[in-house]
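On a predicted model such as this, the values are computed, not experimentally measured, just so you know. By convention in this document, chain letters (A, B, ...) are assigned in the order of the sequence lines, proteins followed by strands, and residues within each chain are numbered from 1.
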There are 2 protein chains.
Amino acid sequence: MPRDGSGGGGSSSSSSGTGANGGGDGDAGCLRPMDAEQLRECGHRMVDFVADYYKSIDTFPVLSQVQAPRGIYLQPGYLKKLLPDTAPSKPDTLDALFDDIREKIIPGVTHWQSPNYFAYYPCNSSTAGFLGEMLSAAFNIVGFSWITSPAATELEVIVLDWFAKMLKLPSQFLSTALGGGVIQGTASEAVLVVLLAARDRTLRKHGKTSFEKLVVYASDQTHSALQKACQIAGIFSENLRVLKADKNKNYAIAPQDVIAAISMDLSAGLIPFFICATVGTTSSSAVDPLTELGQIAKEHDMWLHIDAAYAGSACICPEYRHHLNGVEEANSFNMNAHKWFLTNFDCSLLWVKDRSYLIQSLSTNPEFLKNKFQASQANSVFDFKDWQVPLGRRFRSLKLWMVLRLYGVENLQSYIRKHIELAKHFEQLVISDSRFEVATPRTFSLVCFRLLPLTSDQDNGRKLNYDLMDAANLSGNIFISHTVLSGKFVLRFAVGAPLTEEQHIFAAWKLLQDLATRLLGSS
Amino acid sequence: MPRDGSGGGGSSSSSSGTGANGGGDGDAGCLRPMDAEQLRECGHRMVDFVADYYKSIDTFPVLSQVQAPRGIYLQPGYLKKLLPDTAPSKPDTLDALFDDIREKIIPGVTHWQSPNYFAYYPCNSSTAGFLGEMLSAAFNIVGFSWITSPAATELEVIVLDWFAKMLKLPSQFLSTALGGGVIQGTASEAVLVVLLAARDRTLRKHGKTSFEKLVVYASDQTHSALQKACQIAGIFSENLRVLKADKNKNYAIAPQDVIAAISMDLSAGLIPFFICATVGTTSSSAVDPLTELGQIAKEHDMWLHIDAAYAGSACICPEYRHHLNGVEEANSFNMNAHKWFLTNFDCSLLWVKDRSYLIQSLSTNPEFLKNKFQASQANSVFDFKDWQVPLGRRFRSLKLWMVLRLYGVENLQSYIRKHIELAKHFEQLVISDSRFEVATPRTFSLVCFRLLPLTSDQDNGRKLNYDLMDAANLSGNIFISHTVLSGKFVLRFAVGAPLTEEQHIFAAWKLLQDLATRLLGSS
């Protein structure tokens with residue numbers, strides 16, 4: 001499809017080229033919101049805007065400083081002062097919009113794609129992922145049932161099977177068996193839907209008045225998404241067993257603690273039904289012992305869910321796959337392609353071993369959605385509306401397919417390895433400076449470290465490290481985040497932004513060293 | 001930001017211009033997935049692809065016929081035969097990808113943006129919405145807390161306040177009061193989060209062992225999302241009161257039926273706590289009597305939720321605003337900007353009168369997300385993670401802001417009015433042909449109609465109308481859907497795709513008339 005010459009995309013404004021309304025301002029009846037040539041012209045301009053943003057992304061403060069025109073500084077409510085109180089009655093030009101984005105929006109953006117972004121976990125964008133988002137927005141279909149766009153459902157099934165094979169998941173997780181994969185928005189939704197499936201499976205067995213007896217097990221390192229899922233599913237708050245994971249196990253859960261807790265609960269007449277294990281915890285990327293947890297779950301007929309939201313990506317490399325050993329006994333497995341796999345947010349991959357449990361919990365079949373090709377009438381199609389919370393869903397498999405097609409598995413493995421190498425470098429740098437300590441051994445691309453407190457320090461380095469983090473983030477040069485491990489305030493340095501190179505690691509370390517010198521000198 | 005000359009975007013393939021991998025195929029270590037110039041070049045090519053798609057969108061069969069190379073016809077599993085079994089190890093070119101999209105994906109796409117799409121309800125795309133999706137994908141931030149991108153939260157607050165004012169919602173729904181608006185993915189998630197808020201509010205009052213006594217009220221015309229929300233929230237299935245809405249009330253709920261049901265439930269010791277009202281039901285766009293339902297809810301201290309997913313858009317026009325009269329007594333209100341408001345999917349707007357209930361049900365506050373600007377520490381910011389099911393969230397307010405800015409309220413009102421006019425024309429056409437009947441009076445842009453069965457017809461026209469719909473859809477010329485009203489199989493003709501003009505309405509009607517002639521002749 002050759003490019004139409006009229007789609008100039010230049011930044012100069014011509015009378016027809018500045019609006020996206022496709023009609024004269026005065027002639028409201030003429031709104032042509034999906035005129036192909038308007039779309040072409042405006043689309044080209046947006047591509048240039050975005051490419052220019054990426055070209056200069058490292059010039060922006062990583063953590064938003066909200067330096068709006070009058071130098072407002074991280075001030076809640078900054079934008080309200082810059083925008084009108086009501087929606088405009090008349091259309092505005094694209095030029096005016098771009099000006100506002102540059103002057104009012106971007107100063108309030110935290111640049112997750114900056115090469116100097118090391119906070120939380122990464123949220124990768126890529127050219128392939130971006131193109132996938134564009135195409136998905138262009139089709140703008142709502143793929144709740146197979147019939148509403150067969151390609152959307154079918155591509156999702158195929159790509160999730162591809163991915164399961166890349167991760168060497170047991171064959172039961174494939175769509176060709178009783179399982180299958182589905183794209184959820186986030187890991188929060190993934191754990192929620194499997195918790196619901198497990199809850200209802202158990203209630204069908206024990207009767208629904210057993211609701212208050214249902215017990216969930218996880219470590220205190222498990223993502224808060226599990227707690228939230230329990231709140232939503234109506235699991236009684238006192239029935240969420242949060243077991244302490246210790247430093248001596250590198251913050252992985254101890255199977256004997258799970259066994260002990262289950263045993264106590266059984267004695268009390270409660271019903272243990274769900275274990276959530278993590279491969280790559282949010283605090284420190286700890287890996288729970290899957291094999292042992294699988295045995296426990298099997299013995300007690302419990303549902304085992306594995307949350308590998310972050311570290312799942314690493315497991316496409318043979319040398320990291322062993323972290324998934326034990327997945328054979330899991331009922332469900334989740335990883336976020338939007339974290340460290342170059343697929344733009346949101347794209348959280350969930351596989352289940354037996355899809356019927358999901359469908360039993362989440363299906364509805366109103367008349368207005370009935371059709372001759374539907375899961376409830378013929379077993380030949382999947383209607384993904386019955387695998388998730390919402391009815392509607394975007395065509396998200398496109399971007400994942402494009403990432404896999406345009407980069408290929410080997411490149412993706414190298415990409416992961418490169419970040420882990422960079423994290424190793426950073427870890428070595430920390431070790432080489434005796435003022436710092438590594439808080440827990442690095443497993444993937446996250447380094448947990450802290451500045452050692454002076455002996456006179458009363459809060460065990462909490463303020464010292466908070467101040468170090470705050471100063472680093474306020475410099476605008478990097479963005480890091482923190483956690484607390486064994487009561488210690490610990491800094492997290494997560495490598496994984498798509499533009500991060502060796503030079504950014506060294507510059508970040510230099511900044512942290514300099515700030516440490518200053519902080520230790522002043523304390 | 002001027003366009004860089006190097007971003008050609010032409011369709012001819014140069015050696016550097018066909019891949020998005022940013023590195024030689026053989027040199028895996030060189031993957032540069034976010035190279036700005038690669039992004040520019042590939043992005044321009046995708047814009048042309050998308051613009052060309054829109055230019056020829058009316059040449060595709062609206063409902064996918066899955067006419068893959070060998071003429072496969074609506075065959076589940078078609079795509080599996082066309083794609084490999086495993087992900088590619090080596091990268092592929094963008095040209096190859098475009099070929100696959102044209103030859104394998106598009107034949108399986110149901111074209112929701114076609115001017116001849118009249119099924120379900122519309123799901124609008126627009127240039128402004130598309131640009132917003134592009135920019136959101138480009139920033140690719142995860143706006144769970146204010147700090148993770150202040151602009152994302154602040155723009156959402158501002159734009160939702162704008163929209164509340166456009167709809168003339170009571171001032172309590174504004175962020176400046178105790179309420180506020182938030183973008184959910186879908187109306188399903190909107191009704192779920194308010195159901196949870198209402199559930200927990202009631203349980204705090206009555207004790208959590210009252211779980212099994214909680215009762216929900218709605219009509220049988222309410223969207224299945226309510227049933228699903230009840231399943232998720234653990235509301236006992238026998239405690240969802242589905243009250244029959246009759247033809248004589250145009251399928252709106254009868255307040256006296258709600259009063260009677262509540263009264264019976266109270267006598268039985270149950271706890272009525274939630275009413276779901278609809279403005280524009282999915283089957284027939286019926287409008288429930290809000291004022292009366294509000295009085296009932298108030299009297300019994302129940303939560304009233306209003307689902308105006310589809311028809312909410314019409315209420316920005318003064319002449320349709322009266323359908324929201326009574327919203328004053330509602331606790332929450334929802335409309336989908338992604339349906340009929342030119343904002344690409346997903347963008348479902350939810351307002352609550354008291355945000356503290358949402359936050360109490362949905363907040364978690366793990367150490368790794370704590371920061372000095374957070375809702376729990378200072379009341380100056382919103383952390384939208386506590387207003388929704390997932391933790392992560394996209395920068396969705398951008399697209400809504402861009403729709404409002406680039407089109408303006410007056411144009412948007414005209415856009416709505418135009419569709420309603422077109423639907424009126426279609427209704428007149430149906431009335432003018434005595435072989436058809438309008439099944440229930442049209443209120444917005446949906447016409448419910450059917451072909452009258454012959455007196456000898458044993459199933460009251462079910463097969464006749466099914467065959468009419470099926471023939472129309474298989475023609476590829478239009479896509480319509482159906483519902484059942486008072487036991488009658490009824491066809492739904494929903495006007496609202498952004499490219500639909502008068503000519504498409506007439507062509508659709510001509511097709512339906514011709515098919516009717518053929519069907520009646522053969523029966």
Side-chain angles (χ1 to χ4, degrees), chain A residues 1-3 11 20 28 31 33-34 36 39-40 43 46-48 50-52 54-55 76 79 87 89-92 105 108 110 112 125-127 131 133-134 137-138 140-141 149-151 154 162 186 188 224 234 364 366-368 380-381 390-392 404-406 408-409 411 414 483-484 498, chain B residues 1-3 11 20 28 31 33-34 36 39-40 43 46-48 50-52 54-55 76 79 87 89-92 105 108 110 112 125-127 131 133-134 137-138 140-141 149-151 154 162 186 188 224 234 364 366-368 380-381 390-392 404-406 408-409 411 414 483-484 498:
Chain A
M1 296 185 180
R3 167 122 183 262
S11 67
L31 186 71
M34 243 321 170
L39 175 68
R40 192 187 309 272
M46 183 57 87
V47 166
D48 283 322
V50 169
D52 290 346
Y54 273 95
K55 218 165 172 168
L79 192 56
S89 10
K90 302 284 186 190
D92 215 329
I105 302 296
T110 294
W112 286 65
S125 179
S126 68
T127 295
L131 297 177
E133 283 286 6
M134 282 176 74
N140 204 41
I141 60 104
S149 256
E154 301 219 352
W162 283 6
T186 61
S188 308
S224 55
T364 56
E367 183 63 40
F368 53 81
S380 56
V381 301
L391 171 63
L404 291 166
R405 279 290 297 274
L406 291 175
V409 178
N411 272 328
S414 302
T483 191
V484 168
Chain B
M1 296 187 184
R3 167 119 183 263
S11 68
L31 186 72
M34 243 321 169
L39 175 69
R40 192 188 308 272
M46 184 57 87
V47 166
D48 283 322
V50 169
D52 290 346
Y54 273 95
K55 217 165 172 168
L79 191 56
S89 4
K90 304 283 185 191
D92 217 329
I105 303 296
T110 294
W112 286 65
S125 180
S126 69
T127 294
L131 297 178
E133 283 287 6
M134 283 177 74
N140 205 39
I141 59 104
S149 257
E154 302 219 351
W162 282 6
T186 60
S188 307
S224 56
T364 57
E367 184 63 40
F368 54 81
S380 55
V381 302
L391 172 63
L404 291 167
R405 279 289 297 274
L406 291 174
V409 177
N411 272 327
S414 302
T483 192
V484 168

Heaviest contributor of heavy-atom pairs below 4.5 Å to chain B, chosen from S224(A), S149(A), S188(A), A137(A), is S149(A)
Top contributor to chain A interface from P366(B), A87(B), G234(B) [non-hydrogen pairs under 4.5 Å]: A87(B)
Quick check for you: to the nearest 0.5 Å, what is the distance between D48(A) atom CG and M46(A) atom CE? 11.0 Å
Can R40(A) and D52(B) be said to form a side chain to side chain contact (heavy atoms under 4.5 Å, CB included), step by step? CA-CA 8 Å; R40(A) 192 187 309 272; D52(B) 290 346; 2.7 Å; yes
Of all of T483(A), V484(A), T186(A), T364(A), which one pairs up most often with chain B through heavy atoms under 4.5 Å apart? T364(A)
Determine, step by step, whether M134(A) and V47(B) satisfy the side chain to side chain contact (heavy atoms under 4.5 Å, CB included) criterion, reporting the C-alpha distance in whole Å, the side-chain angles of both residues, the deciding distance to 0.1 Å, and the verdict. CA-CA 8 Å; M134(A) 282 176 74; V47(B) 166; 3.5 Å; yes
To the nearest 0.5 Å, how far apart are CG in L406(B) and OG1 in T127(B)? 9.0 Å
I'd like to verify something: which residue of G408(A), P498(A), G43(A), G392(A) has the highest number of heavy-atom pairs under 4.5 Å with chain B? G408(A)
Which atoms of T110(A) come close to chain B, meaning under 4.5 Å heavy atom to heavy atom: side chain ones, backbone ones, both, or neither? both
Heavy-atom pair count under 4.5 Å with chain A, highest-scoring of N140(B), L404(B), V409(B): N140(B)
Is the backbone of A138(B) close enough, under 3.5 Å, to the side chain of S125(A) for a donor and an acceptor to pair up by distance? no
In terms of heavy-atom proximity below 4.5 Å to chain B, should E133(A) be classed as side chain, backbone, both, or neither? side chain
Side-chain contact, heavy-atom cut-off 4.5 Å: L39(B) with V50(A)? yes
